[in-house]
Chemist: 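A single structure is presented below for examination.
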Amino acid sequence: MEESAQVKVNSGAAEQLPGRLLSRGFFEVSPEEVAPRLLGKVLAHAVDGEVLAGRIVEVEAYLGPHHQPPDPAAHSYRGATPRNQVLFGPAGHAYVYSIYGRYFCMNISCEVEGRAGCVLLRALEPVAGVEQMARNRGLPPYGRRPVPSPQRVKITRWGPRVRGDPGLAAGAVARELTSGPSRLCQAMGLTRAAHNGCDLVDPASLLQVRDDGYSVGEVLVTPRIGIHEAIDWPLRFAQRGNECVSGARNQRE
DNA sequence: AGGCCGATCCTCT
DNA sequence: GAGGATCGGCCTA
């Protein structure tokens, strides 16, 4: 076992989290099944006495090497390595890896222990801790970046807020906070060092996936983004029409 | 020991 | 729409 971040709740932070924790069994099946069911669930991170949370609106499934045919785009394709070993462990754990030297992406492990497979989180709709997310992303009014203005759509529709959450920071836009696999990690404050291996269905965990009863409407199914193998497999799932889904061009069927 | 490259993001044209 | 940043991990020799 290499590093396995087990950050535990030491305050009453977990009690503030919306909804209920998912069960391990939810994740102990094929990523193809888990991915669409994950839409609408809430990723919640208790950090520095505050809760950052976002509703999952876009995901991709990556299949384990036991699958026929095997998925050449998956990190688990060539078997377990120090980097990807979380994928071969028990379901419901965070697999956080670094990419391009500067970013992180977060997946959730699926299948029973011994079998790999995961769901990549590609976009969230901010639900709580939005001002801190803006700071984490270096966006106005906290950052210095001048505000250019490609199509900025203010989010007007919010999910349940955590008590005391001030809402979206003026100048920042929900899309820019969590619309993209690395953007959402940055906004949520997720890193490989701190969160790889974190158990997302442990009530004592600082990082959890929860169900607050929200149900997504129509689900958009498309090929996965940014890969070079198995480019036409329909394993990307998104909430149709949600402004926080990444890339306007990616909204097509 | 060295080379290659990525499940990305941002900026500029 | 294209290219650069930037580095850990994995593969080959």
Side-chain angles (χ1 to χ4, degrees), chain A residues 2-3 5 31-32 34-36 38-39 43 56-65 67 70-88 93-110 116-124 133-134 136-140 142-152 171-197 220-238 244-250 252:
Chain A
E2 60 161 355
E3 91 271 54
E32 294 173 275
V34 176
L38 211 41
L39 295 176
L43 180 69
I56 299 169
V57 299
E58 179 185 350
V59 295
E60 284 174 359
Y62 286 86
L63 313 180
H67 187 271
D71 179 0
H75 284 186
S76 58
Y77 182 56
R78 292 179 171 80
T81 68
R83 175 175 73 146
N84 68 18
Q85 64 153 359
V86 170
L87 297 178
F88 293 84
H93 288 249
Y95 167 53
V96 182
Y97 67 93
S98 67
I99 187 170
Y100 296 106
R102 37 193 331 154
Y103 302 112
F104 296 102
C105 293
M106 175 184 164
N107 302 254
I108 303 178
S109 64
C110 299
C118 63
V119 174
L120 169 71
L121 304 186
R122 283 199 59 92
L124 306 177
M133 288 187 192
N136 288 346
R137 291 269 296 128
L139 292 173
Y142 304 101
R144 293 180 188 164
R145 188 163 68 86
V147 184
S149 58
Q151 47 198 340
R152 316 187 143 237
V173 172
R175 267 198 75 72
E176 298 182 308
L177 295 180
T178 51
S179 165
S182 295
R183 285 175 169 182
L184 73 87
C185 285
Q186 201 172 26
M188 294 283 290
L190 306 177
T191 63
R192 169 169 161 82
H195 300 98
N196 188 48
L220 180 70
V221 183
T222 79
R224 295 171 292 184
I225 309 291
I227 57 170
H228 305 291
E229 310 267 5
I231 57 176
D232 52 357
W233 296 13
L235 293 178
R236 171 173 172 265
F237 306 86
C244 294
V245 170
S246 72
R249 279 183 310 282
N250 301 334
R252 291 176 307 177

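Numbers restart at 1 for each chain; the letters A, B, ... are given by sequence-line order, proteins then strands. Everything numeric here is computed off the predicted structure, so don't read it as measured data.
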Chemist: As a check on the pairing definition, encode DNA chain C in dot-bracket form, counting Watson-Crick and G-U wobble pairs whose two distances are under 3.5 Å, and using | for partners outside this strand.
Modeler: |||||.||||||.

Chemist: What is the minimum heavy-atom distance between Leu43(A) and Met188(A), and which atoms define it?
Modeler: O-CE, 3.5 Å

Chemist: Can you give one letter per nucleotide of nucleotides 2-7 of chain B, 5' to 3': B if a protein heavy atom sits under 4.0 Å from the base, S if only from the sugar-phosphate, - if neither?
Modeler: ----BB

Chemist: For a side-chain contact (heavy atoms from CB on, under 4.5 Å) with Val59(A), tell me which candidate from Leu120(A), Val34(A), Leu39(A) qualifies.
Modeler: Leu39(A)

Chemist: Answer yes or no: is there a side-chain heavy-atom contact under 4.5 Å between Tyr62(A) and Ile227(A)?
Modeler: yes

Chemist: Counting just side-chain N and O atoms, does Arg183(A) come under 4.0 Å of either OP1 or OP2 of dC10(B)?
Modeler: yes

Chemist: Checking Val96(A) against Met106(A) for the side-chain contact (heavy atoms from CB on, under 4.5 Å) test, could you report, in this order, the C-alpha distance in whole Å, the side-chain angles of both residues, the deciding distance, and whether it holds?
Modeler: CA-CA 4 Å; Val96(A) 182; Met106(A) 175 184 164; 4.2 Å; yes

Chemist: When the distance from CD of Gln186(A) to P of dT6(C) is rounded to whole Å, what number comes out?
Modeler: 14 Å

Chemist: Would you mind reading off the distance between Leu139(A) atom CG and dC9(B) atom C1', rounded to a whole angstrom?
Modeler: 12 Å

Chemist: For atom C1', what is the distance between dC5(B) and dG3(C), given to the nearest Å?
Modeler: 16 Å

Chemist: Quick one: label Arg102(A) by what it contacts on the DNA or RNA (base, sugar-phosphate, nothing), any heavy atom closer than 4.0 Å.
Modeler: base

Chemist: In whole Å, what is the span from the CD atom of Glu58(A) to the P atom of dT8(B)?
Modeler: 10 Å

Chemist: Check this one for me: any side-chain N or O of Arg192(A) less than 4.0 Å away from OP1 or OP2 of dG9(C)?
Modeler: yes

Chemist: What's the CG-C1' distance between Asn84(A) and dG8(C), to the nearest Å?
Modeler: 14 Å

Chemist: Can Arg183(A) and Glu176(A) be counted as an ion pair, charged N to O under 4.0 angstrom?
Modeler: no

Chemist: CG/Leu139(A) to CG/Leu177(A) distance, rounded to the nearest 0.5 angstrom?
Modeler: 5.5 Å

Chemist: Going by side-chain contact (heavy atoms from CB on, under 4.5 Å), His93(A) matches just one of Ser109(A), Cys118(A), Cys110(A). Which one?
Modeler: Ser109(A)

Chemist: What is the nucleic acid contact for Arg137(A), judged by heavy atoms within less than 4.0 Å: base, sugar-phosphate only, or nothing?
Modeler: sugar-phosphate

Chemist: Please determine which of Gln186(A), Met133(A), Arg122(A) meets the side-chain contact (heavy atoms from CB on, under 4.5 Å) test together with Thr178(A).
Modeler: Met133(A)

Chemist: Which class fits the ring pair His75(A) and Tyr95(A): parallel under 30°, tilted 30 to 60°, perpendicular over 60°?
Modeler: perpendicular

